[in-house]
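Notes follow once the structure below has been shown.
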Amino acid sequence: MEFLNSFHTFAKNFDPPLYFSIIQREEIEQKAMEYNFKKIEQKWQEYWKTNKTFQVQADSERPKFYVLDMFPYPSGAGLHVGHPLGYIASDIFTRYKRQNGFNVLHPMGYDAFGLPAEQYAIQTGQHPAVTTDRNIKRYREQLDKIGFAYDWSREVRTCDPGYYHWTQWTFIKMFNSFYNKKTRKAEGIDLLVNHFEISGTQNLEAACTEEMDFSASDWKGYSEKEQQLLLLNYRLAYLAETMVNWCSALGTVLANDEVKEGLSVRGGYPVEQRQMKQWLLRVSAYSERLLDGLNTIEWTESLTEIQKNWIGRSEGANMLFPVKDHDFTIEVFTTRADTIFGASFMVLAPESELVDTLTTPEQRNAVDEYIEQTKKRTERERLAEVKRISGVFSGNYAINPFTREEIPIWISDYVLAGYGTGAIMAVPAHDSRDFAFAKHFGLKIVQVVVQPGDSESDPAGWDDSFDAKEGIMVNSDFLNGLSVSDAIEKTKQEVEKRDLGQIKVNYRLRDAIFSRQRYWGEPFPVYFKDGVPYVMDEDQLPLELPDVDKYLPTEKGEPPLGRANNWSTRDGYPIELSTMPGFAGSSAYYLRYMDPWNKKALVSKEANSYWRDVDLYIGGTEHATGHLIYSRFWNKFLYDLGYVCKDEPFRKLINQGMIQGRSSFVYRIKDTNTYVSKGIKKQHKTTAIHIDINLVNNDILDIDAFKKSNPEYNNAEFLLEDDKYICGWALEKMSKSMFNVVNPDDIIETYGTDTLRLYEMFLGPLEQSKPWDTHGIDGVFKFLRKLWRLFHQNNEEFSISSADPTLAELKVVHKTIKKVSDDIERFSFNTSVSAFMICVNELTDLKCNNKTILESLLVLLSPFAPHIAEELWQALGQTESIADAQWPSLNEDYLKEDQIEYPVSFNGKMRFKIELPADMPKEDIEKAVMAHETAKKWLDGKAPKKIIVVPKRIINVVI
RNA sequence: GCCCAGGUGGCGGAAUUGGUAGACGCGCUGGACUUAAAAUCCAGUGGCCAUUAGGCCGUGCCGGUUCGAGCCCGGCCCCGGGUACCA
């Protein structure tokens, strides 16, 4: 080698052709024995592609398994190392299940409609389809390099007419359905019409926007238009005038899960409440089933908790309060019926329809002014001013149905129109919001609950309300002396008995606003006749997205589709101008993967009854309140109509954690061009500046590279410590603006994708957030080379022994079979990687090159590092892909130990170890321990009080 | 505020049912090979005390249960996520 190297230099200077022939030969000689990941990975990716290794078909002979990744939105920025984390995990599980005899469906596609592509189109004029296509191509290239076992023949794109055909089809089905509360499922709207024709709304239990009351003859007397408008009150997809989240920066309405803290999730623009006519999906009809379904699926505790909170079930009562000198009542919802005797005023939401009727002439001006004020405030301001108390007296009084007392009716925006009935009975003594309101406006406060053992006090002297969840009732007539929970029950009974209201379960979950005033989404298969919406016939689908000249609203303020030519039916009726939101296309994509080529149905009965549901779903927790609610709703709807066979779509769900970026900083001394190393920065006033992580190695700044990176740094001066510039660092979101993005392509270029895959898994538990630090990657890269050397003794040619494996070798590999199988089953991939390292270290120590042993090891490793596994598998003489190999079976006999090295503790502290036969009886173990030299020292002449022997585990001597 | 998850060496993390705390890897230190470097290999690496032998302390903090607690119970602190006038 030394000769070659010096010859190198020599040849380079004199004879180019000679130089090249030498270097080529050198490479061949070296690479024959070295781990050449580039060649290997390319080779096997091509092999899988040409042999269609991962294409699957329904096969009733084999059990199915469906592994799904949440499909990505293909953004322009491409993938960073955080994106593939979940994909790698699901890929490992896919390959593992396959090797255990399952027919595994593992598809991938793109959530391709969405705002960013459209925003980009507005800026550049390019059609979003073009940029989306380009982004998808880039994504695909990046994904392909990682060597996933996807069946790409099943790819779906939500923006493809062949795909959104079925999104539109489902919408039509929803439009033509209502929710029957008696049967607890969706049914055809014709059944509802039937019911109206026979008995009007009598005995009707249907989910609706507003309770209605009419007779059969009323119904028959209505015009076609009146009937159609009335049916919207019951349809599962319906058009209604409601309060919506309007985002003027995006020019569209947003669903509740698309708004966070008064700002749009995409872009962070302000959002305000507005009354608008919009399409909605009656998700709320399914509240109960969405909640109950959570008990039947294996999701993480935290995720089911988020969904439970979002659905927000609360048990209580709707109670009626008569209004003084009027013949109507105000209905309130309360979970604390027991505190009724403390209800000393009522509050209406400013949007409540009752406000107008209940305002007295004297109060009219004040009320109008207040309503105007609250309208002006955006959602954001309302949230920011939660503590600011505001409200106005309506001038009217209600009668407390239990105390018969007159109580004033107020109007305030701390009561929400959208929850319960939009009106409350205020119990200031026991509700902090009511308390603050009463204090502010000087309203009456009555204590009705005392803490057990406490006595009543004057609420006027209180600083805070007593929000009592338990306690004893006082000042409450027939409830006095009861506990809170007993009193709640008793009051509910009393309310029903006296006909003052009814027991009611309320849900926080709202119907989903389903239209967007945007271009890049699915058009609604809806047209308008005389202002009434009708859905198109199914044979007209797909209704393709038309071209427009600009991706902006029209001058009239209509959505972009208002610019399309001839956007009307053949009969000339105008077509809906909104498009569907992002969650429309992602709500049933898992079904489409089962049968993506089907032109006649979303999914065929056969395909659906074989693949059934997703067995393992991996994706981010950010979809907890959006996609994961909508798709469960969507699926339940299709289930009700008999199109799918499973009520819940995702049996097991895992959230992969975020991979955080590790940003680097330099510290500039204020108003200078001098940078001070981290350890000595305290002596100066400094500003931390983000710098590109490629300029830093082990927190040491590459000063030359830093100077060259930006003209601004050209003349920079440095204050060093130990002749080095040490950078600061912080964990932040991986993003361009933090200069901390790590691209998987670069990692693959340097180390190969098997190393990338292993390292992503090795970083830590799948579900945890963890920082990316490329430095640690050497460890797994070294591991793969060490594995390679097991097959290539002394850096020589490939050499393998076919002899019978030794017991020691068998023990090592079976220990690994057990560990890795267990780990994969519980998604503990980081510990599997460490088990592989231990295995290879031990086999290296045993100088093992045994074929049987190494074959098993390769199969175990192949889900994690498939390329190197295939290469070595082939080298061992195998002709089939390792993806089709049988997962090795565990033989526990090899793991049995004859000798146990017992740790011996004294009072719980480990003092020494003693080697004893595994089957030694307890009494003999005690004797053996007592006889031990070191034991005598710790006993110090005393007799032990007790000796605890846990067979095969530990011995503890109590003194 | 409420709900959920978490806090272990310089760093990422391990400890699956209450049973040897710190597996595995990074980093660091020393050594072998080499003219040298890279690669590779060997040894060490929680803190403190001690020449050694060895000892003491140690899983956010305080207390408890237990022969034995990183793990269970009670209280508190901190970080992350969800939600936010939900009656």
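Reminder, nothing fancy here: chain letters follow the sequence lines and each chain counts from 1.
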Between [N] and [M], how far apart are the two [atom1] atoms, rounded to whole Å?
N      : M      : atom1 : value
B:rG12 : B:rC61 : C1'   : 25 Å
B:rA23 : B:rG75 : P     : 35 Å
B:rC11 : B:rC62 : C1'   : 29 Å
B:rG7  : B:rA84 : C1'   : 26 Å
B:rA53 : B:rG46 : P     : 15 Å
B:rG19 : B:rG30 : P     : 40 Å
B:rA14 : B:rA69 : P     : 23 Å
B:rC42 : B:rC33 : C1'   : 11 Å

Pairwise distance OG1(A:T831) to CD1(A:I824) - rounded to 0.5 angstrom: 10.0 Å

Atom pair CG/CG of A:N256 and A:N245 - distance to nearest 0.5 Å: 5.0 Å

Charged tip of A:R662 within 45° of A:W772 ring normal and under 6.0 Å: no

Who passes side-chain contact (heavy atoms from CB on, under 4.5 Å) against [X], sequence neighbours left out?
X      : value
A:K786 : A:R789, A:V840, A:N841, A:T844
A:E825 : A:Y96
A:N907 : A:V958, A:I959

Taking [atom1] from [X] and [atom2] from [N], how many angstroms apart are they, rounded to a whole number?
X      : N      : atom1 : atom2 : result
A:I407 : B:rA87 : CD1   : P     : 19 Å
A:W772 : B:rC26 : CH2   : P     : 15 Å
A:E301 : B:rG82 : CD    : C1'   : 14 Å
A:F836 : B:rA14 : CZ    : P     : 17 Å
A:L348 : B:rA87 : CG    : P     : 18 Å
A:K492 : B:rA87 : NZ    : C1'   : 14 Å
A:N655 : B:rG82 : CG    : P     : 12 Å
A:E825 : B:rU16 : CD    : C1'   : 13 Å

Measure from the side chain of [X], starting at C-beta and using heavy atoms only, and say which of [options] lies closest.
X      : options                : answer
A:N309 : B:rC26, B:rA87, B:rC3  : B:rC3
A:T625 : B:rU83, B:rC24, B:rG19 : B:rU83
A:I954 : B:rG19, B:rA15, B:rC85 : B:rG19
A:S314 : B:rC24, B:rA87, B:rC4  : B:rA87
A:D823 : B:rU16, B:rA15, B:rA84 : B:rU16
A:I306 : B:rG82, B:rA87, B:rA14 : B:rG82
A:M910 : B:rU83, B:rA21, B:rG27 : B:rA21

Below 4.0 Å: OP1/OP2 of B:rU83 and any side-chain N or O of A:K308: no

Beyond-backbone contact of [X] with [Y], side-chain heavy atoms, under 4.5 angstrom:
X      : Y      : answer
A:L890 : A:S821 : no
A:R336 : A:V484 : yes
A:F829 : A:I88  : no

At under 4.0 Å between heavy atoms, what does [X] touch on the DNA or RNA strands: base, sugar-phosphate, or nothing?
X      : value
A:R508 : base
A:S905 : nothing
A:N841 : sugar-phosphate

Ring pair (Phe, Tyr, Trp, His ring centres under 6.0 Å) partners for A:Y751, two or more places apart: A:F781

Sequence-distant partners of A:F441, ring pair (Phe, Tyr, Trp, His ring centres under 6.0 Å), two or more places apart: A:W410, A:F437

Contact pattern, 5' to 3', of nucleotides 59-70 of chain B - B, S or - by protein heavy atom under 4.0 Å: --------BS--

Reading 5' to 3' through nucleotides 38-58 of chain B, protein heavy-atom contacts under 4.0 Å coded B for base, S for sugar-phosphate only, - for none: -SSS------------SSSS-

Partner set under salt bridge (charged side-chain N to carboxylate O under 4.0 Å, His left out) for A:E897, not counting sequence neighbours: A:K811

Glycosidic class, syn or anti, of B:rG9 using a 90° window around 0: syn

N/O donor-acceptor pair under 3.5 Å between A:D823 side chain and A:N830 backbone: no

Under 3.5 Å, side-chain donor or acceptor atoms of residues 417-431 of chain A against the rest of the protein: list the pairs with distances, not counting sequence neighbours.
| from | atom 1 | to | atom 2 | distance (Å) |
| --- | --- | --- | --- | --- |
| A:Y419 | OH | A:S314 | OG | 2.8 |
| A:T421 | OG1 | A:E331 | O | 2.6 |
| A:T421 | OG1 | A:A423 | O | 3.4 |
| A:H430 | ND1 | A:F466 | O | 2.9 |
| A:H430 | NE2 | A:V448 | N | 2.9 |
| A:H430 | NE2 | A:V449 | N | 3.1 |
| A:D431 | OD1 | A:R433 | N | 2.9 |
| A:D431 | OD1 | A:R433 | NE | 3.2 |
| A:D431 | OD1 | A:D434 | N | 3.0 |
| A:D431 | OD2 | A:R433 | NH2 | 2.5 |

Pairs: protein N or O with nucleotides 7-13 of chain B N or O, under 3.5 Å:
| from | atom 1 | to | atom 2 | distance (Å) |
| --- | --- | --- | --- | --- |
| B:rG12 | O2' | A:L763 | O | 2.4 |
| B:rG13 | O3' | A:N830 | ND2 | 3.4 |

Base-pair map of RNA chain B as dot-bracket, where | denotes pairing with a different strand and pairs are Watson-Crick or G-U under 3.5 Å: ((((.((..(((......[....)))((((((.......))))))((((....))))..(((((..]....))))))).))))....

First encountered from the 5' end of RNA chain B, between A:R826 and A:T421: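 It is A:R826, whose closest nucleotide lies nearer the 5' terminus.
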
Between A:S284 and A:Y507, a side-chain donor and acceptor under 3.5 Å: no

Residue pairs, two or more places apart or on separate chains, that pass salt bridge (charged side-chain N to carboxylate O under 4.0 Å, His left out) and touch residues 757-768 of chain A: A:D91-A:R757

Presence of donor-acceptor pair under 3.5 Å, side chain of A:K819 and base of B:rU16: yes

Geometric class of the A:H792/A:W788 ring pair [parallel <30°, tilted 30-60°, perpendicular >60°]: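 Rings of A:W788 and A:H792: parallel, as their planes differ by under 30°.
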
